[in-house]
A.B. asks: 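Below: one structure in structure tokens.
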Amino acid sequence: MMKFLMYIMFLMFLCYKNYMFWIIQFSFMILMFLFMNSNIFQMSFFNLSYSFGCDKISWGLIMLSIWIIFLMIMASQKLNKEEFFNNFFLLMIICLMVMMFLTFSSMNIFFFYFFFEGSLIPVFILIVNWGYQPERLQAGLYLFFYTLLASLPLLIGIFYYYKFYNNMMIYFMKFYSCELFLLYISFILAFLVKMPMYFFHLWLPKAHVEAPISGSMILAAIMLKLGGYGLMRIMIYLQKMNLKFNYIWVVISLVGGLNISMQCFFQVDMKSLIAYSSVAHMGMVIGGIMTMNYWGYMGSYILMIGHGLCSSGMFCLSNINYERLNNRSLFLNKGLMNFMPSMSLWWFLMMSSNMASPPSMNLMGEISLMNSLISWSWLSIFFLGFISFFSAGYSLYLYSFTQHGNYNFSVYSFFSGVSREYLLLMLHWVPLNIMILKFEYFMI
């Protein structure tokens, strides 16, 4: 793992030179192919170096991180054109990539906590420096304090664990079992807030609406997945307690997912609607992990990767509209099919993936999660049915509202999509829909 880490860290030096924007982006693409060919066909941890290693779950999420960072740079071309602190922007993105890489590959639980929290700082700087409205300061603080406050009990829990077992390796956690309610809550709370679970989700729409396009992409695609990844890793240690208390989390996730899905219908900001839809999807992921069975585990993993690509692509689309109209309100973004007919196709493709239509990975993940939750309790079938139905509803609502109808007559100059934007959307959509052909890798 060290060789990849060194590769990313040496990219930082390129940030101090001018006109390196596209070279850094290209370097991430090369890193993607190097990492893709690292040896993943073993069942246990591989590529071990120091206390960093990788198994199939980390491998998929690190791949997603590299891919999304590569696309973030491509989506932020406006910063480069206006030369708006673009070198500092690249530096922040590379710092973020280092943090993500180390979080997903840490085998030591304290290192995992350290980098898990460290990734907040670059995201906070992205939101505050390159965000849109003056409320971005408040959004950054919301993000910071919600996640930090919930993570402090986790730190105490890790020290408590170390005191009794004298090691911090995630791999060895499977030999021990937790019997303490407070320890269980302290371990799990940080990840539930990060996901975010319903009741703890208020920081997410705020952060998304204020963040620049790159901030929204990384928040939706990777930051929410940190919570799911942490739960997957930690659940091995918390099995006994979780079998007693999992009904609480599953019920909150399903009822919350249903409530949030309905809230999507009265959002007037495109970004806000996409952010709320993320909360609904993550509710299903939490439910799947908490059922403690194989289908739920794998379904959560697949849906996390699928949602990362799909949600990021939808934020790119809303940003493409924002760059034309300088507005994200649904009342003003109307009739866009008249202006950008080719972009309408990409809107349709992204929306169809968001409502989990075949052949997207979201469909594969949702089928697994439904299997797992219905086998856990047949009553969950009603909530899952409504969540799926509303997910199609708000996706179609967003699509038809933006693409059809009379266009806004105050638009006096306009240009259609450029090839960079179509390539950006294609690089989101193709992996999302092609990876279903390699189903067996994800069902580990």
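Start at 1 with the first residue, then count along the sequence.
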A.B. asks: Parallel, tilted or perpendicular: which fits the ring planes of Phe84 and Trp130, with parallel below 30° and perpendicular above 60°?
C.D. replies: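 Ring orientation, 0 to 90° scale: perpendicular.
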A.B. asks: How many angstroms lie between atom OG of Ser400 and atom CZ of Phe348, to the nearest 0.5 angstrom?
C.D. replies: 12.0 Å
A.B. asks: So, do Phe10 and Phe13 have ring centers that fall under 6.0 Å from each other?
C.D. replies: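 Yes, they do, as the ring centres are separated by less than 6.0 Å.
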A.B. asks: Tell me, yes or no, whether the heavy-atom count around Tyr399 atom OH, taken from other residues, nucleotides or ligands under 6.0 Å, exceeds 12.
C.D. replies: yes
A.B. asks: Tell me whether the rings of Phe187 and Tyr237 are parallel (<30°), tilted (30 to 60°) or perpendicular (>60°).
C.D. replies: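 Perpendicular.
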A.B. asks: Minimum heavy-atom separation for Tyr397 and Gln267, please, with both atom names.
C.D. replies: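 Scanning both residues, the minimum pair turns out to be OH-O, 3.6 Å.
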A.B. asks: OG of Ser318 to CD1 of Ile213: how many Å apart, nearest 0.5 Å?
C.D. replies: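 Rounded to the nearest 0.5 Å, the OG-CD1 separation comes to 6.0 Å.
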A.B. asks: Compare all side-chain heavy atoms of Ile305 with those of Met435 and state whether any distance is below 4.5 angstrom.
C.D. replies: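 Yes, their side chains come closer than 4.5 Å.
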A.B. asks: Classify the ring geometry of Phe401 against Phe331: parallel below 30°, tilted from 30° to 60°, perpendicular beyond 60°.
C.D. replies: perpendicular
A.B. asks: What closest approach, in Å, do Asn319 and Ala75 show between heavy atoms, and which atom pair accounts for it?
C.D. replies: ND2-O, 4.3 Å
A.B. asks: Are there more than 12 heavy atoms of other residues, nucleotides or ligands under 6.0 Å from atom CG of Asn406?
C.D. replies: no
A.B. asks: Quick check: do Lys334 and Tyr407 have side-chain heavy atoms less than 4.5 Å from each other?
C.D. replies: no
A.B. asks: When the side chains of residues 423-431 are checked against the rest of the protein, which donor-acceptor pairs come out under 3.5 Å, sequence neighbours left out?
C.D. replies:
residue	atom	partner	partner atom	Å
His428	ND1	Leu424	O	3.1
His428	NE2	Ser312	OG	2.8

A.B. asks: Tell me whether the count of non-hydrogen atoms from other residues, nucleotides or ligands lying under 6.0 Å of NZ in Lys3 goes above 12.
C.D. replies: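 It does not: Lys3 NZ has 12 such atoms or fewer within range.
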A.B. asks: Write down the atom of Lys271, the atom of Ala211, and the distance for their closest heavy-atom approach.
C.D. replies: NZ-O, 2.7 Å
A.B. asks: Give me the atom names and distance for the closest heavy-atom approach of Asn362 to Leu432.
C.D. replies: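 Where Asn362 meets Leu432 most closely, the heavy atoms are OD1-CD1, 3.7 Å.
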A.B. asks: Between atom CG of Leu180 and atom CE of Met241, what is the distance when rounded to the nearest 0.5 Å?
C.D. replies: 7.0 Å
A.B. asks: Applying side chain to side chain donor-acceptor pair (under 3.5 Å), can you list everything that pairs with Asn259, at least two apart in sequence or on another chain?
C.D. replies: Tyr198
A.B. asks: Rounded to the nearest 0.5 Å, what separates atom OH in Tyr162 from atom CG in Asn167?
C.D. replies: 8.5 Å
A.B. asks: Under a 4.5 Å cut-off applied to non-hydrogen side-chain atoms, are Trp347 and Met340 in contact?
C.D. replies: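 No - every pair of side-chain heavy atoms lies 4.5 Å or more apart.
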A.B. asks: Is it the case that Ser395 and Asn354 place a side-chain donor and acceptor less than 3.5 Å from each other?
C.D. replies: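 Yes - a donor-acceptor pair under 3.5 Å links their side chains.
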A.B. asks: Kindly give the heavy-atom pair with the smallest separation between Ser253 and Ile286, and that separation in Å.
C.D. replies: OG-CG2, 3.3 Å
A.B. asks: In chain order, what residues pass the side chain to side chain contact (heavy atoms under 4.5 Å, CB included) check against Met1, with sequence neighbours excluded?
C.D. replies: Phe35, Asn47, Ser49, Phe52, Cys54, Ile62, Phe101, Ser105
A.B. asks: Tell me if the OH atom of Tyr142 is crowded by more than 12 foreign heavy atoms within 6.0 Å.
C.D. replies: no
A.B. asks: Does a side-chain heavy-atom distance below 4.5 Å link Leu91 with Tyr16?
C.D. replies: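 When only atoms from C-beta onward are counted, Tyr16 and Leu91 do touch, with a gap below 4.5 Å.
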A.B. asks: Could you tell me whether the side chain of Ile125 reaches within less than 4.5 Å of the side chain of Phe88, counting heavy atoms only?
C.D. replies: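 Side-chain contact under 4.5 Å: yes.
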A.B. asks: Going from NZ on Lys17 to CD1 on Ile23, what distance comes out if it is rounded to the nearest 0.5 angstrom?
C.D. replies: 9.5 Å
A.B. asks: Looking at every non-hydrogen atom in both residues, tell me the closest pair between Ile436 and Ser360 and how far apart they are.
C.D. replies: CD1-O, 3.8 Å
A.B. asks: From Ile8 CD1 over to Phe4 CZ, what is the distance, rounded to the nearest 0.5 angstrom?
C.D. replies: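 Here the rounded value is 9.0 Å.
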A.B. asks: Could you tell me if the ring centre of Phe89 sits under 6.0 Å from that of Phe85?
C.D. replies: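 No, the ring of Phe89 stays outside the 6.0 Å limit from the ring of Phe85, centre to centre.
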A.B. asks: Around atom OH of Tyr7, are there more than 12 heavy atoms of other residues, nucleotides or ligands at under 6.0 Å?
C.D. replies: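 More than 12 heavy atoms, drawn from other residues, nucleotides or ligands, come within 6.0 Å of this atom.
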A.B. asks: In the structure I gave you, are the side-chain heavy atoms of Cys15 and Met20 within less than 4.5 Å of one another anywhere?
C.D. replies: no
A.B. asks: So, Tyr394 versus Tyr276, ring centres under 6.0 angstrom or not?
C.D. replies: no
A.B. asks: Do Glu421 and Glu323 come close enough that some side-chain heavy atom pair is under 4.5 Å?
C.D. replies: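 In contact.
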A.B. asks: Side chains of Leu398 and Leu330: closer than 4.5 Å at any heavy-atom pair?
C.D. replies: yes
A.B. asks: Apply salt bridge (Lys or Arg N to Asp or Glu O under 4.0 Å) to Arg328 and list each qualifying residue two or more places apart in sequence or on a separate chain.
C.D. replies: Asp269
A.B. asks: Without placing hydrogens or testing angles, list every side-chain donor-acceptor pair under 3.5 Å for residues 223-236, not counting sequence neighbours.
C.D. replies:
residue	atom	partner	partner atom	Å
Lys225	NZ	Ala220	O	2.8
Lys225	NZ	His307	ND1	3.0
Tyr229	OH	Phe104	O	2.8
Tyr229	OH	Arg233	NE	3.0
Tyr229	OH	Arg233	NH2	3.2
Arg233	NH1	Asp55	OD2	3.2
Arg233	NH2	Asp55	OD1	2.7
Arg233	NH2	Asp55	OD2	3.3
Arg233	NH2	Ser58	OG	2.9

A.B. asks: Is atom CZ of Phe386 surrounded by more than 12 heavy atoms (other residues, nucleotides or ligands) closer than 6.0 Å?
C.D. replies: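 Result for CZ/Phe386: open.
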A.B. asks: Residues in salt bridge (Lys or Arg N to Asp or Glu O under 4.0 Å) with Glu117, at least two apart?
C.D. replies: none
A.B. asks: Answer with yes or no whether the side chains of Asn87 and Asn18 bring together a donor and an acceptor at under 3.5 Å.
C.D. replies: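 Side-chain D/A pair, Asn18 to Asn87: present.
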